[in-house]
Protein chains: 2
Amino acid sequence: MTVTLADVAARAQVSPATVSRVLNGNYPVAASTRERVLKAVDELDYVLNGPASALAAATSDLVGILVNDIADPFFGIMASAIQSEIGGPGGRAGGERLAVVCNTGGSPERELTYLTLLQRQRAAAVVLTGGAVEDAAHGAAVGNKLRRLAEAGTRVVLCGRPPAPEAIAITFDNRGGGRELTEHLIGLGHRRLGYIAGPEERTTTRHRLEGHRAALAAHGIEEDPRWTVYGRYDRRSGYEATLELLRRDPSLTAVVAANDTVALGACAALRDSGLRIPDDVSVAGFDDLPFSIDAVPSLTTVRLPLSEAGARAGRIAMGREEPPPGGIATVRGELMVRGSSGVPRVG
Amino acid sequence: MTVTLADVAARAQVSPATVSRVLNGNYPVAASTRERVLKAVDELDYVLNGPASALAAATSDLVGILVNDIADPFFGIMASAIQSEIGGPGGRAGGERLAVVCNTGGSPERELTYLTLLQRQRAAAVVLTGGAVEDAAHGAAVGNKLRRLAEAGTRVVLCGRPPAPEAIAITFDNRGGGRELTEHLIGLGHRRLGYIAGPEERTTTRHRLEGHRAALAAHGIEEDPRWTVYGRYDRRSGYEATLELLRRDPSLTAVVAANDTVALGACAALRDSGLRIPDDVSVAGFDDLPFSIDAVPSLTTVRLPLSEAGARAGRIAMGREEPPPGGIATVRGELMVRGSSGVPRVG
DNA sequence: AGCGTGACAGCAAGCGCTTTCTATCTGATG
DNA sequence: CATCAGATAGAAAGCGCTTGCTGTCACGCT
């Protein structure tokens, strides 16, 4: 069998209690004893039994990070930042924590399943990232779960997700960013702007689109319903949606995409249609992922401080930073004007 | 306090043993009893205590996935594929498994720490992805850990990592891919090729570089040591390394990068230096990440079947697929010739 | 000398679940 | 009608660790 605490105790000629205390460092132990124990641990290559420890102490060193799509750098960057703040020592002395990221694939059921799994493991904290699905039933179910988690002592933090009464939230100002972006294009002279939205039922999608529409409205531009197409947050979707937009109205002078990945697909579609960027059509994205600056022309977009927000969420989850007043912090995006947007062709 | 098995048992008027059996479905229980129990579970909103269960049953439903950089789609894509194969029912009936991805950041210590943490949690399986660090001491330490994990019943699978005696491995043929890529360039007429390698002590770096050199050697091209620069696997590194290569030898007609991200940085550097791709300098990457086809010109690279390999590793880890004969499967990359490589300028 | 006071160390009672072994009941069988 | 197998249900013994409480010393004080 595997080595147990008792084995170590026997070897070090102390009681199991003492070994436990040495390992946890939360009770005075004579230096000489400690050394003897540590030596035994080393010699036997002892590894604590996590479940047993968690059961007895009624706490765990697991921290869950939920993401919609782990293959998308948007989430990867946030997850990385969150995790980097969690790895280090936390509450319990010597507290190595196991930060785990769970991929929901954007599915409400999987989100709930993971939350239950995390609850089952008595996770120390949970960070939910990215837009939420707008469905009353699901929203209530998630809210319930979050409340239960919180009741059980799990710290719950939202990052890049709209606020919820059950948790602390670091939210992105998607509406403001969307508005600023479109105002930039309007300022350049664009009047006919296509919009490629994300999945219809997501908060992120809705907020960015609302910002876009607010900008149009503020400038007295009446929106043509043909100018909006919904899709997924991937390149393919951007490609196809752009072709569709072009089919519906070839006179569009700008295409605003739900995010950078989609924008890249849009660029490809425009190029394949023989249109130049930005001479014929301007393109704008959202997020400012690392590859966006390398697009040709480089992408005009809204930079979201993913790393900073993630790091902050991680620190709050570890109780290492005060939650923002009111439990909600809104983080603004920064407009990055680059080569993909320009003055529209005359006509 | 939280609801326990005993509470459910009391409510359903059965013994805790029966509740456990209903939940695990591994022992005959009368339909009527089962229903009563399930009803009680539902009414009390009972959630199993993971640690207690793991302790008693001496098994856990945790599966660890180790990645070098979660913000890099290379790993994100693999992790996503692995996780998708793990989420479903596995060994234990109703077996929801918690697939967790751990970000080592390429650091050997963190790799070891995570391995210990997973061992501590008595993980059901562990999948290590990506290149390993080439350091004898660390290699031995990891080997040891893997052996211990395997001894404790944890299934260990390597994915995109060189084979090790302690585990089943799905390996990428980085050497072959590197060779094929460079041969393609040589075939186009290139004779002076710069190479931007990854971090010096990684297996992936070494293998790809070896393939490159093998191709050069096979064609009687003597390599100039100035033509190789080491860096990190990121865009910045590619940018800087390219400027350095250009400084060392402005007559280079091609730049081969350690991966696509680096290649993108290289493209940017070339463009900023006033050089056209591929007219003045050809560029090649490795991996064929989703954004590579959107580069302008689109990137010539070697496609690695990340999803397929990950899925397979996941299935093997879950015992749902036979391990390959000999415990090692080598997966080849596929040369993708695209716009970034062309005939060198004369001279 | 007598005793309060720290500083350590050990005992033992769980933590909430799984599982072996045993008990009970129901039909079916001869 | 006695007997036995089969099907369920329960009792209880842990799984390996944490921790409240109880010693046991060795000092230093009055």
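Note that the coordinates shown come from a computational prediction; the quantities given were computed from them, not determined experimentally. All chains are named by letter (A, B, ...) in the order of the sequence lines, taking the proteins before the strands, and each is independently numbered beginning at 1.
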**Report entry** From CA spacing to verdict: side-chain contact (heavy atoms from CB on, under 4.5 Å), A/R36, A/Q13
**Finding:** CA-CA 8 Å; A/R36 212 151 18 100; A/Q13 314 214 50; 3.9 Å; yes
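- Here C/dT19 is the nucleotide among D/dC15, C/dT19, D/dT19 with the atom lying nearest to any side-chain atom of B/A57.
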Pairwise N/O distances under 3.5 Å, protein to nucleotides 20-23 of chain C:
| residue | atom | partner | partner atom | Å |
| --- | --- | --- | --- | --- |
| C/dT20 | O4 | B/R21 | NH1 | 3.1 |

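- With sequence neighbours left out, B/R120 forms a salt bridge (Lys or Arg N to Asp or Glu O under 4.0 Å) with A/D61.
- When the side-chain nitrogen and oxygen atoms of B/N26 are compared with OP1 and OP2 of C/dT18, none of them lie within a distance under 4.0 Å.
- Residue B/L5 contributes atom CG, which lies 15 Å from atom C1' of D/dA12 at whole-angstrom precision.
- Partners of B/N68 according to the side-chain hydrogen bond (donor to acceptor under 3.5 Å, both in side chains) rule, which considers only residues two or more places apart in sequence or in another chain, are B/T104.
- A search for salt bridge (Lys or Arg N to Asp or Glu O under 4.0 Å) contacts involving B/D135 returns nothing, not counting sequence neighbours.
- Between the C1' atom of C/dG16 and the CZ atom of A/R120 lies a distance of 14 Å, rounded to the nearest Å.
- Residues that satisfy the side-chain hydrogen bond (donor to acceptor under 3.5 Å, both in side chains) test with A/E43, not counting sequence neighbours, are A/R11, A/K39.
- Within the 4.0 Å cut-off from OP1 or OP2 of D/dG10, at least one side-chain nitrogen or oxygen of B/S15 is found.
- Distances shorter than 4.0 Å separate none of the side-chain N or O atoms of A/T4 from OP1 or OP2 on D/dG16.
- Checked against side-chain hydrogen bond (donor to acceptor under 3.5 Å, both in side chains), B/R147 has the following partners two or more places apart in sequence or in another chain: B/N144, B/E166.
- Contact check, A/T18 against C/dG10: a side-chain N or O comes under 4.0 Å of OP1 or OP2.
- Summarising the geometry, the separation between CG on B/L55 and P on C/dC15 is reported as 13 Å, rounded to the nearest angstrom.
- Rounded to whole angstrom, the span from the CG atom of A/N24 across to the P atom of D/dG16 amounts to 18 Å.
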Query raised in the report: For DNA chain D, what string of dots and brackets results from 5' to 3' when Watson-Crick and G-U pairs need both distances under 3.5 Å, crossing pairs get [ ], and pairs with another strand get |?
Result: ||||||||||||||||||||||||||||||
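- By the side-chain contact (heavy atoms from CB on, under 4.5 Å) test, B/E201 pairs with B/V133, B/P199, sequence neighbours left out.
- Scanning for salt bridge (Lys or Arg N to Asp or Glu O under 4.0 Å) contacts around A/R312 gives A/E321, with sequence neighbours left out.
- Residues satisfying the side-chain hydrogen bond (donor to acceptor under 3.5 Å, both in side chains) criterion with B/E109, sequence neighbours excluded, are B/S107.
- B/Q121 has its CD atom 15 Å from the P atom of D/dG16, to the nearest Å.
- Contacts between residues 30-49 of chain A and DNA chain C, counted as heavy-atom distances below 4.0 Å, involve A/A30, A/T33.
- In this structure, the CG atom of A/L23 is 11 Å from the C1' atom of D/dC17, given to the nearest Å.
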Taking only distance into account, with no hydrogens and no angle test, what donor-acceptor pairs under 3.5 Å do side-chain atoms of residues 122-129 of chain A form with protein atoms, sequence neighbours excluded?
| residue | atom | partner | partner atom | Å |
| --- | --- | --- | --- | --- |
| A/R122 | NH1 | A/Q119 | O | 2.9 |
| A/T129 | OG1 | A/L66 | O | 2.8 |

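- In this structure, a donor-acceptor pair under 3.5 Å is present between the side chains of B/T18 and B/S15.
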